[in-house]
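Written out below as structure tokens is the structure these notes cover.
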Amino acid sequence: MYKDKCLEGKEEGKGKLCRCECGLRKNKNMLFGDLVPRSSAPRFTRDCHVGESSGSKPQDADYSIPLFGDELELSILARFPQSEQWKLSCVSKRYLSLVKSGELYRIRKEIGYQESSVFMLASGESSWMMFDRTFQSCRRLPFLPSDTCFLDADKESLCAGTDLIVTGRELTGGAIWRYQLVENKWIKGPSMISPRCLFASASCGSDAYVAGGIALEFSTEGAFGMGMEYGQTVLNTVEKYNPESLLWEPLPNMHRSRKKCSGCFMDNKFYVIGGRDKDGNHLTCGEVFDKEKNSWDLIENMLEDAPISTSQSPPLVAVVNNELYSLEPSSNELKVYLKGRNEWKNLGPVPVLAVVNKGWGVAFKSLGDELLVIGASVESSTNNSMSIYTCTPDPRANRLQWMRLDCGTNHLSPFILNCCVMVA
């Protein structure tokens, strides 16, 4: 077992390296000083070149953290920001092998250290982008190698462990592509038991859950000749994905079939909220899946007072500290769910224009102990650039204080096609 010897606190962000794209730099609060070859003294000999030994054959220098044992060194490296881990790969072959092995993430899980990363695909962009939780570090993911049908059609996204899962349709049928953070590459599959779109999803630990949605049905003609079309079947089926076994497992069905619904985890239970039935009627009820009982309970009138308009997006919901929050598109208001009373309390306006596209194109997510919202700012006169806001919500407050992040994303479209948060 790798023990947490170097830092007692497990708060996200402690012991981080400076997030500068120009190279590795030390933060004043870091513990481990200069990186030096393990086999040498803690300084470079003037007559030696980096990567050379006393023999005639050049060798890869083994840059390690001096004065610490192997276990403590790995415990420190496991805290390296995951958006910057590619820099470790440039240090030495040993560090490259360590990063690609996934060992650092195994140690993270063992010592209880987690970090949030935001994956996002904005309108007009050809590649996904990965941000750290402060949006000060960003990198583009490799190009997703799917066919043009998948790239141009609607997609859903969720995270499971260190996998970003993107679902959609290709010419030959429903498809799933997984971005593996450890390997920094896209891999196809595995397919769901019942391929679907417009479904509810949520992550718990390293597992991902999906529920409801519209069945994707294969056709010899297909919609617009693309081989796949949205079927008429609205599902009540539920599946769980395990990133270690790479398998989708069926779970008990929900009480209601529903599409355009949303999902979240609260109190270690999977909630599915809102949506529409097979006749297009809006559903004000919610459902909750208890993993211990392996069964669903119906929550009547959970969204009874929520105004719903035609072509509105699925409910915009997020959970922070086991409290459920909702962004109401028609009013741009934030609400918190009062579980004991099955009611919603208003917490004031949200600083993005969710009302413009009826909730579509807005990212509303939980980010650790904060709420994250991304879209077109209500403060902008043109509304043609992306704005990012966070706040620390308090269910007892009457109005929340939002902080705008100035992080150089002004060139990106404010219409967010896909967004999800990975905690690993």
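Side-chain atoms are counted along with the backbone in the values below, which use heavy atoms only and exclude waters and symmetry mates. Keep in mind that what you see is a predicted model, and the values were worked out from it rather than measured.
To the nearest 0.5 angstrom, Arg258 atom CZ is 12.5 Å from Asn281 atom CG. Expressed to the nearest 0.5 Å, how far CG of Leu198 lies from CD of Glu156 amounts to 5.5 Å. The distance from atom CD of Glu73 to atom CG of Leu98, rounded to the nearest 0.5 Å, is 8.0 Å. Note that OG of Ser127 and CZ of Arg139 are 12.0 Å apart. Values are rounded to the nearest 0.5 Å. Taking CG of Leu164 as the reference point, atom CG of Leu158 lies at 8.0 Å (rounded to 0.5 Å). Here the straight-line distance linking atom SG of Cys197 with atom NZ of Lys259 works out to 9.5 Å at 0.5 Å rounding.
In this structure the side chain of Trp248 reaches within 4.5 angstrom of the side chain of Pro190, judged on heavy atoms. Contact check for Ser194 versus Glu239: side-chain heavy atoms found under the 4.5 Å cut-off. Within the 4.5 Å cutoff, the side chain of Lys335 has no heavy atoms near those of the Leu324 side chain. Side-chain contact check for Thr392 versus Met403: every heavy-atom pair is 4.5 Å or farther apart. Side-chain contact between Leu251 and Glu249 is present, with at least one heavy-atom pair separated by less than 4.5 Å. In this structure, Leu405 and Tyr389 have side chains that are not in contact, with every pair of non-hydrogen atoms separated by 4.5 Å or more. Residues Val118 and Lys365 form no side-chain contact, since every pair of their non-hydrogen atoms from C-beta on lies 4.5 Å or further apart. When side chains are defined from C-beta on, Tyr325 counts as touching Pro393, because their heavy atoms get closer than 4.5 Å.
Side-chain contact annotation: Arg196 with Thr237, donor-acceptor N/O pair under 3.5 Å present. A donor-acceptor contact closer than 3.5 angstrom is absent between the side chains of Glu103 and Ser101. No hydrogens or angles considered: a donor-acceptor pair under 3.5 Å links the side chains of Ser387 and Arg404.
A centroid separation of 6.0 Å or more is found between the aromatic rings of Phe289 and Tyr271. Ring pair Trp186/Tyr179: centre-to-centre distance below 6.0 Å. Ring centroid separation for the pair Trp128 and Phe119 does not come in under the 6.0 Å cut-off.
When the shell of 6.0 Å around CD of Gln401 is examined, it contains 12 or fewer heavy atoms from other residues, nucleotides or ligands. More than 12 heavy atoms of other residues, nucleotides or ligands lie within 6.0 Å of NZ in Lys339, so this atom counts as buried by the packing criterion. With a 6.0 Å radius and a threshold of 12 heavy atoms from other residues, nucleotides or ligands, Lys185 has its NZ atom at or below the threshold.
Pairing each heavy atom of Ser385 with each of Pro414, the nearest pair is O-CB, 3.5 Å. Across all non-hydrogen atoms, the minimal contact from Met302 to Asn342 is CA-OD1, 3.7 Å. Across every non-hydrogen atom of Val238 and Pro252, the tightest pair is CG2-O, 3.5 Å. Across all non-hydrogen atoms, the minimal contact from Pro315 to Ile273 is CG-O, 3.8 Å. Scanning both residues, Leu371 and Leu334, for their nearest heavy atoms gives CD1-CD2, 3.9 Å. In terms of heavy atoms, Ala424 sits closest to Arg108 at O-NH1, 3.1 Å.
A donor-acceptor pair under 3.5 Å is absent between the side-chain atoms of Lys278 and the main chain of Ser257, judged by distance alone. Of the possible polar contacts, none joining the Trp177 side chain to the Ile165 backbone as a donor-acceptor pair under 3.5 Å is found. Although no hydrogens or angles enter the test, the distance criterion places no donor-acceptor pair under 3.5 Å between the side chain of Arg399 and the main chain of Gly348. Side chain of His255 to backbone of Trp296: a donor-acceptor contact under 3.5 angstrom is found. Remark: the backbone N or O of Gln136 is paired with a side-chain donor or acceptor of Asp132 at under 3.5 angstrom. Of the possible polar contacts, one joining the Asn418 side chain to the Lys155 backbone as a donor-acceptor pair under 3.5 Å is found. At distances below 3.5 Å, not a single donor-acceptor pair connects side-chain atoms of Arg106 with backbone N or O atoms of Gly102. Arg276 places no side-chain N or O within donor-acceptor distance of the main-chain N or O of Leu283, the cut-off being under 3.5 Å. Of the possible donor and acceptor atoms, none in the side chain of Asn236 sits under 3.5 Å from a partner among the backbone N and O of Gly212. Ser413 places no side-chain N or O within donor-acceptor distance of the main-chain N or O of Gly124, the cut-off being under 3.5 Å.
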**Working for side-chain contact (heavy atoms from CB on, under 4.5 Å), residues Val320 and Glu370** = CA-CA 7 Å; Val320 174; Glu370 295 180 314; over 6 Å; no
**Message:** Applying side-chain contact (heavy atoms from CB on, under 4.5 Å) to Ile388 and Leu372, what does each step give before you reach the verdict?
**Reply:** CA-CA 7 Å; Ile388 302 173; Leu372 168 72; 3.6 Å; yes
**Message:** Run the side-chain contact (heavy atoms from CB on, under 4.5 Å) test on Ile214 and Thr233 for me, step by step, so that the C-alpha distance in whole Å, both residues' side-chain angles and the decisive distance to 0.1 Å come before the verdict.
**Reply:** CA-CA 6 Å; Ile214 305 174; Thr233 305; over 6 Å; no
**Full working for side-chain contact (heavy atoms from CB on, under 4.5 Å) between Ile299 and Glu287** = CA-CA 5 Å; Ile299 307 175; Glu287 303 195 36; over 6 Å; no
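Look at Asp267 and Lys269 and you find no salt bridge, because none of the NZ, NE, NH1 or NH2 atoms lies under 4.0 Å from a carboxylate O. Comment: Lys188 engages Glu170 in a salt bridge, judged by a side-chain N to carboxylate O separation of less than 4.0 angstrom. In summary, Lys109 and Glu115 do not engage in a salt bridge, as defined by a charged side-chain N under 4.0 Å from a carboxylate O.
Taking the ring centre of Tyr113 as origin, the terminal cationic atom of Arg79 falls inside the region bounded by 6.0 Å and 45° from the ring axis.
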